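This report concerns only the one structure given below.
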Number of protein chains: 2
Amino acid sequence: MRRHRVRVGRSGPQPANDEILDAQGGVATLAEAAYRRLRQDIVAGVFAPSQPLRLELLKQRYGLSFSPLREALNRLQTERLVVTAPLRGFSVAPVSIEEMWDATETRILIECEALRRSIAHGDDDWEAGIVAAFHALDLQVRRKAASSGIGDDELIALETRHQDFHRALIVRCRSRRLIDIADQLYVETQRYRLPTLAGQNPAASRDVALEHRQIMEATLERRGDEAAALLAAHYRKTSTIVESYMERAPAK
Amino acid sequence: MRRHRVRVGRSGPQPANDEILDAQGGVATLAEAAYRRLRQDIVAGVFAPSQPLRLELLKQRYGLSFSPLREALNRLQTERLVVTAPLRGFSVAPVSIEEMWDATETRILIECEALRRSIAHGDDDWEAGIVAAFHALDLQVRRKAASSGIGDDELIALETRHQDFHRALIVRCRSRRLIDIADQLYVETQRYRLPTLAGQNPAASRDVALEHRQIMEATLERRGDEAAALLAAHYRKTSTIVESYMERAPAK
DNA sequence: AAATATCTTTCTTTCGAAAATATGGCGTGT
DNA sequence: ACACGCCATATTTTCGAAAGAAAGATATTT
C-alpha cells in the first residue's frame, strides 16, 4: 500500500525517513501528512468504527513516531472522526443511524443557508465554477461507469469531484465558517456513504447525475427556494438509502 | 497567578511537576489542562490577537513540555482560536469586524434553529433548567453590580452562567452537533465581547437582563418565531456595540 | 467457590534532546 | 546605495525513551 517517495519536512534523528507516505501533494509536516492519511483511512473504513487506534499500530503502519500521530488524532477528535477517553487512548468514532441523521440534517441547515447566500451574491466566476465542477464530476462518473471494477484511486477521485461540486455551489456565501462546517460535515457523511456504495449494485434505482443537474440549474437560474429544496431532498434521499443499508448490515 | 495544587495525571521524569495549574476541576491529562488554560488566556486577551505563541514562552508560563502544549494548540486551531503556518509555529487568531460578524450570524443561524427544535421537543425538565439558569445568571449579575471592581474570578463565573443560560435554551434540540457548534461559537464571540465589557461604563444604555427575560418568556410560552427573533436581535445588538467599540479602539 | 488483593503486562502520556527549517545579520559585488 | 547570497541564531518539529495508569492475570483469603 506504500506509494512513491515524497520529501516531507525534515527527517528526524535516524537517517532514513525521507521516504514518507502522503502521495497527495506536497505536505510540509509529518503531522499534516498523518492527519490526511488517518482521515482518509477512517473514512474509507480501513479502520472499523469504534476500533481502538493503538499508537504502536499506527506508528508501524505509517512509519511515524508518537508526536505527529497524536497531533493528527487530536485534530480528528474535534472533527468527530475520532473519540478519546482521558487515559485510554483514541478510537475511531462509532457510527449509528442517529448520528448519521444528525450529520445530514445539520448539513442541510448549513448548506441550504449557504446556497441561498451564494445565489444572492454569486457572480460570473461563481457560475462558471459550478458548471466546470459539474462537468468534471460528470466525466468522472462516466469514467467509473466504463470501468467495471471500481479502483481505489478512482473512488477517491470521484469523491473529490463530488465534494468540489457541492462546494462550488456554496462558495460565494461570504462566510468562511459555513464553508468550513460544510466541508467537515461532508467528510462525516462520506463515512456513511462509502460502505453503502461499495455494497450496492451499480444500477441503483436512482439518477444521481440528474439530481445534481437539477440542483445546478435551479441555482444558476437563481431560484433559491427551489435549489435549497432540491439540495435538501438530495441529501435526505442518500441518507434514507444509507439507513436501509445500515439496518440490513448492522455493525461494520 | 498560580493557584492551588491539583494532582493531574502523572508527573513526568523530573520530580516536581505535581503542582500543576488548572484550578477548574480535576483534569486527567496535562494536555487537557493546557487546552483549557490556553483557551481561557486567549479569550481573556492575555495573549493579544495575532501574537505569535512561541513554544518556549508557553513552556515556561505553564510549566509544561512541548507535547501537551502542541496537542492543545492543535485543538485550538480547529476551533479558530489559533492559526498556524506549517513551519512557522502558532499564533493567536487575528480579530476583525468581518470575522466577528461571521461568527455572530453563524451563531444566530445555529441557535435559532436549535431553539425552535427545543421549543418543539422541550419537556418539564427543560423548562426548569431554563428558569434555574436564568436565576443563577441574574444573581451573578447583581453580585457583580454590587462589587464595584470586577474581579477576574467573578468575570469568569459570570461568563459561565451566561453560557449556561444560553445553552439551557437550546439543550433539547436533539442534535449534539448544533449544541457543540453553538458552544464553540460562544467562545469565539466571547473573545470579542470581553474587551468591550472591560472598556465600557457600567451604565451602558442597555438592559441585558430584560432581553434575557424576554427571550426566556417567549421560549417558555412556546412562541418559536418570537423567541428566535428576540435571540437574533439580542446577539446583533451585542455585536453592534462591539463593532463600534472596535472602530474606536482599533488593534488590541 | 467467590471475592479481593497483588502483580504483571500493555498502553498512554510526557519529557528532553536531536534534527531540520526559517529568520535575520553581515558581507560582497554590482 | 542596493541587491543578492551566505552564515549564525532562533524556533519548530520530530524522535526515542522513561514514567505512570489501566486492564488483565494470578494468587490469596474467607
Side-chain angles (χ1 to χ4, degrees), chain A residues 5-22 26-38 47 50-77 82-92, chain B residues 6-22 26-38 47 51-77 82-92:
Chain A
R5 56 187 357 239
V6 173
R7 278 211 61 89
V8 61
R10 95 229 6 76
S11 57
Q14 83 277 55
N17 215 340
D18 288 1
E19 35 189 319
I20 296 285
L21 40 94
D22 160 75
V27 175
T29 68
L30 295 178
E32 178 75 15
Y35 167 73
R36 296 202 194 179
R37 287 205 58 183
L38 263 170
F47 303 111
S50 298
Q51 175 184 338
L53 294 169
R54 300 260 166 57
L55 286 173
E56 192 56 46
L57 176 84
L58 300 179
K59 200 173 146 181
Q60 290 190 355
R61 181 176 167 85
Y62 298 121
L64 296 172
S65 175
F66 296 118
S67 321
L69 288 172
R70 253 164 169 289
E71 290 192 21
L73 289 165
N74 270 288
R75 288 175 60 182
L76 290 168
Q77 184 202 347
V82 159
V83 295
T84 174
L87 281 160
R88 230 162 288 180
F90 300 88
S91 307
V92 179
Chain B
V6 174
R7 278 211 61 89
V8 61
R10 91 223 16 72
S11 57
Q14 83 277 56
N17 216 339
D18 286 2
E19 33 189 320
I20 296 286
L21 39 95
D22 160 72
V27 175
T29 68
L30 295 177
E32 178 75 14
Y35 167 75
R36 295 202 194 178
R37 288 206 56 180
L38 263 169
F47 303 112
Q51 175 183 340
L53 295 168
R54 297 265 162 55
L55 287 173
E56 192 56 45
L57 177 83
L58 301 180
K59 199 173 145 182
Q60 290 191 356
R61 182 176 166 83
Y62 298 122
L64 297 171
S65 176
F66 296 118
S67 321
L69 287 172
R70 271 182 147 276
E71 290 192 21
L73 289 165
N74 270 290
R75 288 174 61 180
L76 291 168
Q77 183 203 346
V82 158
V83 295
T84 173
L87 282 159
R88 231 162 288 180
F90 300 87
S91 308
V92 179

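Chain identifiers are assigned alphabetically (A, B, ...) following the order of the sequence lines, protein sequences preceding nucleic acid strands; residue numbering begins at 1 within each chain. None of the values given here were measured: they were computed from a predicted structure. Note: hydrogens, waters and symmetry copies are ignored here, and every other heavy atom, side chains too, is used.
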TODO: Name the closest nucleotide to the L55(A) side chain, picking from dT11(D), dT13(C), dG16(C).
DONE: dT13(C)
Open item on the list: Holding to side chain to side chain contact (heavy atoms under 4.5 Å, CB included), I want the full list of residues that pass it with S67(A), two or more places apart in sequence or in another chain.
Closed with: none
- [ ] State which residue, out of N74(A), L30(A), L64(A), fulfils the side chain to side chain contact (heavy atoms under 4.5 Å, CB included) condition with L69(A).
- [x] L64(A)
Open item on the list: Checking S91(A) now: which residues fulfil side chain to side chain contact (heavy atoms under 4.5 Å, CB included) with it, not counting sequence neighbours?
Closed with: P52(A), V83(A)
TODO: Among dT11(D), dG16(C), dT14(D), find the nucleotide with the atom closest to the side chain of R54(B).
DONE: dT11(D)
TODO: To the nearest Å, give me how far apart CD (Q60(A)) and C1' (dG16(D)) are.
DONE: 15 Å
- [ ] Check side chain to side chain donor-acceptor pair (under 3.5 Å) between E32(A) and all other residues, then give those that pass, not counting sequence neighbours.
- [x] R36(A), R75(A)
- [ ] Mind calculating the distance between CG (L64(B)) and P (dC15(C)) to the nearest angstrom?
- [x] 6 Å
Open item on the list: When you compare the side chain of V82(B) with that of L38(B), does any pair of heavy atoms fall below 4.5 Å?
Closed with: no
- [ ] Starting at atom CD of E56(A), determine the distance to atom P of dC15(D), rounded to an integer number of angstrom.
- [x] 13 Å
TODO: Heavy atoms only: give me the nearest A31(A)-A72(A) pair and the separation to one decimal.
DONE: O-CB, 4.1 Å
Open item on the list: Rounded to whole Å, please give me the gap between NZ in K59(B) and P in dT12(D).
Closed with: 11 Å
Open item on the list: Just the rounded figure in Å: distance from P of dT14(C) to OH of Y62(B).
Closed with: 16 Å
Open item on the list: Expressed as a whole number of angstroms, how long is the span from L53(B):CG to dT11(D):P?
Closed with: 13 Å
- [ ] Pull out every residue in residues 67-75 of chain A that has a heavy atom closer than 4.0 Å to any atom of DNA chain C, ordered by number, or say none.
- [x] R70(A)
- [ ] Give the rounded distance in Å between these two atoms: CG of L30(A) and C1' of dT12(D).
- [x] 12 Å
Could you list, one pair per line, each protein nitrogen or oxygen that sits under 3.5 Å from a nitrogen or oxygen of nucleotides 22-24 of chain C, together with the distance?
{"residue": "dT23(C)", "atom": "OP1", "partner": "R88(B)", "partner atom": "NE", "Å": "3.2"}

Could you list all N or O pairs between the protein and nucleotides 7-9 of chain D that sit under 3.5 Å apart?
none

Task: Between dC11(C) (P) and F66(A) (CZ): distance, integer Å - done: 11 Å
- [ ] Among dT12(C), dT12(D), dT13(D), find the nucleotide with the atom closest to the side chain of F90(B).
- [x] dT13(D)
- [ ] Report yes if some heavy atom in the side chain of E71(A) is under 4.5 Å from a heavy atom in the side chain of Y35(A); otherwise report no.
- [x] no
